[in-house]
Novice: 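Let me give you the structure first, and then I'll get to my questions.
Everything numeric here is computed off the predicted structure, so don't read it as measured data.
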Amino acid sequence: MQNHLRQMAPLGLRLIIGFGFMAHGWAKISRGTAGFERLLARTGIPLPHLGSVVAPYVELLGGLAVLLGIFITVAALPLIATMLVAMLTIHIHYGFSSVNTIGLTPEGPVFGPPGYEINLLYIAGLLSLMLTGAGAFSIDRLLRRNRRVRE
């Protein structure tokens, strides 16, 4: 029973991390990548046009792979790279906290840009999945089980 629960643990990480990356990638793609390209150019990222096209698809497709639990290590490496670039070029300037309250108006709080906390959480979750595997209800597990049956 305890082993079964241990195999379930990665599922929660996969669902939220996969969905999160997919949502961020889709947001960039659905609005067009020109705005993202301008952001990359202003922050000094080399080849901003290429990055503005590649990064959203890395997030969308890598997020889908994580969500489904397929090729976790292969999918996690480029996702970690995107988090490191975002963290070291943009988020690092706003401190650690992902919620930066910069004011209060009659309508409610005013939030500033997020810090690097979320980047670190995504990276930690991806590293955890790389170490533990995709767990139960994953395509990786089905592939491993089918390989054992054939051997």
Novice: Taking R144 for the side chain and I139 for the main chain, is one N or O donor matched with an acceptor at less than 3.5 Å?
Specialist: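 It does not hold such a pair.
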Novice: Are L50 and L84 connected into the same hydrophobic cluster when the rule is that any two of I, L, V, M, F, W, Y join if their side-chain heavy atoms are below 4.5 Å apart?
Specialist: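 Same cluster.
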Novice: Show the numbers, then the answer: is there a side chain to side chain contact (heavy atoms under 4.5 Å, CB included) between I80 and M83?
Specialist: CA-CA 5 Å; I80 289 171; M83 287 292 95; 5.6 Å; no
Novice: Just how far is it from atom CG of L79 to atom NE2 of H24, taken to the nearest 0.5 Å?
Specialist: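 Those atoms lie 11.5 Å apart.
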Novice: Should I72 and I123 be counted in the same cluster of Ile, Leu, Val, Met, Phe, Trp and Tyr side chains packed under 4.5 Å apart?
Specialist: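 They do share one cluster, since a chain of ILVMFWY contacts under 4.5 Å joins I72 to I123.
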Novice: Would you say L126 and F71 are hydrophobically clustered, going by side-chain heavy atoms of ILVMFWY under 4.5 Å?
Specialist: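 No.
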Novice: Among V58, V54, N119, find the residue that satisfies the side chain to side chain contact (heavy atoms under 4.5 Å, CB included) test when tested with T82.
Specialist: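 Among V58, V54, N119, the one that satisfies the side chain to side chain contact (heavy atoms under 4.5 Å, CB included) with T82 is V58.
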Novice: Got a second to check how far L121's CG is from Y116's OH, nearest 0.5 Å?
Specialist: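 Going from CG on L121 over to OH on Y116, the span is 12.0 Å.
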Novice: Do L64 and I16 share a hydrophobic cluster (ILVMFWY, side-chain heavy atoms under 4.5 Å, transitive)?
Specialist: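 No, because L64 and I16 fall into different hydrophobic clusters, even though each may have its own neighbours under 4.5 Å.
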Novice: Measure the CG-NE2 distance between L120 and H91 for me, rounded to the nearest 0.5 Å.
Specialist: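 One finds 10.5 Å between CG of L120 and NE2 of H91.
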Novice: Quick one, F21 and Y122 - any side-chain contact, counting heavy atoms below 4.5 Å?
Specialist: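 Yes, side chains in contact.
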Novice: Compare every heavy atom of V66 with every heavy atom of G18, then report the nearest pair and how far apart it is.
Specialist: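 It is N-CG1, 3.9 Å.
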Novice: For the backbone of N100 and the side chain of S97, can you confirm whether one donor and one acceptor N or O come within less than 3.5 Å of each other?
Specialist: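 Pair absent, no side-chain N/O of S97 close to backbone of N100.
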Novice: Would you sort out whether L13 and S128 count as a side chain to side chain contact (heavy atoms under 4.5 Å, CB included), showing the intermediate values?
Specialist: CA-CA 9 Å; L13 282 175; S128 177; 3.7 Å; yes
Novice: I need the minimum non-hydrogen distance between S98 and P114, along with the two atoms involved.
Specialist: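 Scanning both residues completely, I find the closest heavy atoms to be O-CB, 3.5 Å.
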Novice: State, to 0.1 Å, how close G135 and P10 come at their nearest heavy-atom pair, and which atoms those are.
Specialist: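 Closest heavy-atom pair between G135 and P10: CA-CG, 3.9 Å.
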Novice: Find the distance between CZ (F137) and CZ (R14) and round it off to the nearest 0.5 Å.
Specialist: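 Output value for this atom pair is 9.5 Å.
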Novice: For a 4.5 angstrom cut-off between non-hydrogen side-chain atoms, does L39 reach I90?
Specialist: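 Yes, side chains in contact.
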Novice: For the residue pair F36 and S52, what are the closest heavy atoms and their distance?
Specialist: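 In this case the closest contact between F36 and S52 is CD2-CA, 3.6 Å.
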Novice: Report yes if the side chains of M22 and E59 come closer than 4.5 Å at any heavy-atom pair, otherwise no.
Specialist: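 No; the side chains remain at least 4.5 Å from each other.
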Novice: Could you check whether any side-chain heavy atom of V99 comes within less than 4.5 Å of a side-chain heavy atom of T101, counting everything from C-beta outward?
Specialist: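 V99 reaches T101 side chain to side chain.
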Novice: Please report the closest heavy-atom contact between G69 and S138, naming both atoms and the distance.
Specialist: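 Nearest heavy atoms, G69 then S138: O-CB, 3.6 Å.
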Novice: In terms of heavy-atom contacts, does CZ of F19 have more than 12 from other residues, nucleotides or ligands at under 6.0 Å?
Specialist: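 Incorrect, the count does not exceed 12.
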Novice: Does the D140 side chain pair with the main chain of G133, one donor and one acceptor, at a distance under 3.5 Å?
Specialist: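 Pair absent, no side-chain N/O of D140 close to backbone of G133.
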Novice: Please report the interatomic distance CG(L129) to CD1(I17), rounded to the nearest 0.5 Å.
Specialist: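 Result: 5.0 Å between the selected atoms.
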Novice: Does either side chain, that of E37 or that of H49, offer a donor lying less than 3.5 Å from an acceptor on the other one?
Specialist: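 There is such a pair between these side chains.
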Novice: Quick one: does M130's side chain get under 4.5 Å of L77's, heavy atoms only?
Specialist: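 Contact flag for M130/L77 side chains = yes.
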Novice: So, do Q7 and R141 sit near enough that their side-chain heavy atoms are less than 4.5 Å apart?
Specialist: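 The answer is yes; the side chains approach within 4.5 Å.
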Novice: Any non-hydrogen side-chain atom of V110 less than 4.5 Å from a side-chain atom of L104?
Specialist: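 They are not in contact (no side-chain heavy atoms under 4.5 Å apart), so the answer is no.
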Novice: Of all the heavy-atom pairs spanning A41 and P48, show the shortest one and how long it is.
Specialist: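 Smallest heavy-atom distance, with atoms named: N-CB, 3.7 Å.
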Novice: Would you say the side chain of L67 lies within less than 4.5 Å of the side chain of L15, judging by non-hydrogen atoms?
Specialist: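 Yes - at least one pair of side-chain heavy atoms lies under 4.5 Å apart.
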Novice: For the CD1 atom of I45 and the CG atom of L40, what is their distance to the nearest 0.5 Å?
Specialist: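 One gets 6.0 Å once the value is rounded to the nearest 0.5 Å.
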Novice: Spell out, yes or no, whether V85 and Y57 are grouped together once hydrophobic residues are joined by side-chain heavy atoms under 4.5 Å, including indirect joins.
Specialist: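 Each belongs to a different hydrophobic cluster.
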